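One structure is given here, and the rest of the page talks about it.
If you're wondering where the values come from, they're calculated on a predicted model, not measured in any experiment. Within every chain, numbering begins at 1; the chains are lettered A, B, ... in the order of the sequence lines, protein sequences first and strands thereafter.
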Protein chains: 2
Amino acid sequence: MPPIKEERNMFSKSCEYALKAVIYIATQSLEGRRVKIADVADSSNTPQAFIAKILRTLTKSGIVSSLKGPYGGFEIDLQKMKELKIGEVVFAIDGDAVYTSCSMGLKECNDADPCPMHHKFVKVRTELKSMLETTTVYDLAQKLKSGKATILR
Amino acid sequence: MPPIKEERNMFSKSCEYALKAVIYIATQSLEGRRVKIADVADSSNTPQAFIAKILRTLTKSGIVSSLKGPYGGFEIDLQKMKELKIGEVVFAIDGDAVYTSCSMGLKECNDADPCPMHHKFVKVRTELKSMLETTTVYDLAQKLKSGKATILR
DNA sequence: TTTATTATGGATAAATTTGTCCTAAATAAA
DNA sequence: TTTATTTAGGACAAATTTATCCATAATAAA
């Protein structure tokens, strides 16, 4: 009996794309390079017109900055990159429900009035939340640069 | 700047419904009651025709058992309930990607050839996986029965 | 054997997510 | 000032997920 949905990941596809894009832009920014949509698309193996929309969202959210015209493109400045948590990227696309809401989607579920899974699930959510809130984009870009991470597509 | 998707939860809606349904059926089975689709639908606050499909999947997966006709309905026998892990319910609906696959959806990502988030994300995934694999449906039904959990809808 | 009850299953619709295409606006360089 | 380059943004299409409707099959009781 195969599952109904073979690939239901933790984050939406849009969010996965956003994460890859941000990390790629960060690594290039560290080298002083501004990158174009087309670069992002193939570095992160995503459909170009689609990642363009996502980049627009990231720009509007102040996560990356963009410049039109020749020699334009996307970048993240060093200062920003060091402050920017990966959770902010997730939040801009998927919101915070993945690390704040009930495993069964119950609106009323909380410590005082819990669903049966609540206490066990809170542990997982909390670990996810704290990981997202403590990991900077700079950290991740460094991992690639130093060879501690090897793939991005 | 609001997120693109306001409610992207860890599990799909179908999966959330399945979890509520299974726990509800379990509590009723503990009382020796077989339950009808309509009961499940309003106990778990889900559209009836939709939960019917999900129940069909759960029946085919051997997670619950069903009986047609008058006095029919769904149930989970005690033995089964004690062995049944909540992870099996998740798996039947959403598959295992949520606790096995890369945060960015990268097929090639693993310990030897990791993406930049890999090591941090593995911790979260692993905690989720072990929570799902150690929590039985019986445990959860007991929580409701004993008043340690108070809501299911 | 008839009737009422309940799950099964197919068809289809609505909503959301993912993906594509095309034109406009901004900008740098020639 | 013209041209080439690049992001912005609207309209739309495809795919997936969520949801509804209705007819059928199975079963228990009268």
Side-chain angles (χ1 to χ4, degrees), chain A residues 2-18 20-21 25 28 33-42 44-76 93-95 97-98 105, chain B residues 1-18 20-21 25 28 33-42 44-61 63-76 93-95 97-98 105:
Chain A
I4 297 183
K5 308 173 220 305
E6 198 51 70
E7 283 296 337
R8 221 282 172 176
N9 289 359
M10 181 107 52
F11 304 126
S12 70
K13 224 157 197 173
S14 297
C15 188
E16 293 174 355
Y17 292 170
K20 290 195 277 186
I25 294 168
Q28 296 305 298
R33 283 193 286 272
R34 215 172 261 145
V35 298
K36 292 176 283 187
I37 290 175
D39 299 335
V40 176
D42 56 62
S44 60
N45 200 26
T46 56
Q48 176 162 337
F50 192 57
I51 193 69
K53 303 277 186 206
I54 293 168
L55 286 169
R56 186 72 198 100
T57 301
L58 296 174
T59 301
K60 284 198 223 162
S61 306
I63 288 171
V64 303
S65 62
S66 70
L67 217 63
K68 284 183 182 177
Y71 297 83
F74 297 88
E75 65 185 337
I76 307 176
I93 308 296
D94 278 355
V98 70
Chain B
M1 195 59 39
I4 297 183
K5 307 173 221 305
E6 200 50 70
E7 283 296 337
R8 221 281 173 175
N9 288 1
M10 182 103 57
F11 304 127
S12 71
K13 222 157 198 173
S14 297
C15 188
E16 293 173 356
Y17 292 170
K20 291 195 277 187
I25 294 167
Q28 296 305 298
R33 285 194 286 272
R34 215 172 262 145
V35 298
K36 293 176 282 188
I37 289 175
D39 299 334
V40 176
D42 56 61
S44 60
N45 199 27
T46 56
Q48 176 162 336
F50 192 58
I51 194 70
K53 302 279 185 204
I54 292 167
L55 286 169
R56 186 70 197 102
T57 301
L58 296 174
T59 302
K60 284 198 222 163
S61 307
I63 289 171
V64 302
S65 62
S66 70
L67 215 63
K68 284 182 183 177
Y71 300 83
F74 297 88
E75 66 185 336
I76 307 175
I93 308 295
D94 278 355
V98 70

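The backbone N or O of A:Y71 lies less than 3.5 Å from a partner atom in the side chain of A:R34, making a donor-acceptor pair.
The side chain to side chain contact (heavy atoms under 4.5 Å, CB included) test applied to B:A41 returns B:T46, B:Q48, B:I51, not counting sequence neighbours. Residues that satisfy the salt bridge (Lys or Arg N to Asp or Glu O under 4.0 Å) test with A:R33, not counting sequence neighbours, are absent from this structure. Partners of B:P47 according to the side chain to side chain contact (heavy atoms under 4.5 Å, CB included) rule, which considers only residues two or more places apart in sequence or in another chain, are B:Y17, B:F50. Looking at residues two or more places apart in sequence or on another chain, you find a side chain to side chain contact (heavy atoms under 4.5 Å, CB included) between B:T59 and B:R56, B:V64, B:S66, B:F74. Listed by chain and number, the residues in a side chain to side chain contact (heavy atoms under 4.5 Å, CB included) with A:N9 are A:E7, A:E16, B:A97, B:S101 (sequence neighbours excluded).
Between B:K68 atom NZ and C:dA7 atom C1' the separation is 6 Å, expressed in whole Å.
Across the helix from C:dT1-D:dA30 to C:dA30-D:dT1, the helix axis at one end is tilted relative to the axis at the other end by 0° (nearest 10 degrees, each axis from five pairs).
With rounding to the nearest 0.5 angstrom, the CD1 atom of B:I54 is 10.0 Å from the NZ atom of B:K20. To the nearest 0.5 angstrom, B:D42 atom CG is 8.5 Å from B:N45 atom CG. Here the OG-CG distance, from B:S12 to B:D94, works out to 3.5 Å after rounding to the nearest 0.5 Å.
Side-chain contact between B:L58 and B:I25: absent, with no pair of heavy atoms (C-beta onward) separated by less than 4.5 Å. Contact of the B:I63 side chain with the B:T57 side chain is not registered, since no non-hydrogen atoms from C-beta on lie closer than 4.5 Å.
Evaluation of the salt bridge (charged side-chain N to carboxylate O under 4.0 Å, His left out) test over residues 44-55 of chain A, restricted to residues two or more places apart or in two chains, returns none.
Residues from residues 33-42 of chain B placing a heavy atom under 4.0 Å of any atom in DNA chain C, listed by number, are B:V35, B:K36, B:I37.
Boundaries of the chain A contact region on DNA chain D are D:dA4 to D:dT18, first to last in 5' to 3' order (nucleotide atom under 4.0 Å from a heavy atom).
Contacts of B:L67 with the nucleic acid, taken as non-hydrogen atoms under 4.0 Å apart, involve only primed sugar atoms and P, OP1 or OP2.
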Atom pairs under 3.5 Å, N or O on each side, protein against nucleotides 12-22 of chain C: can you list them with distances?
residue: C:dT18; atom: OP1; partner: A:K13; partner atom: N; Å: 3.1
residue: C:dT18; atom: OP2; partner: A:S14; partner atom: OG; Å: 3.0
residue: C:dT18; atom: OP2; partner: B:K5; partner atom: NZ; Å: 3.2
residue: C:dG19; atom: OP1; partner: A:Y17; partner atom: OH; Å: 3.4
residue: C:dG19; atom: OP2; partner: A:Y17; partner atom: OH; Å: 2.9

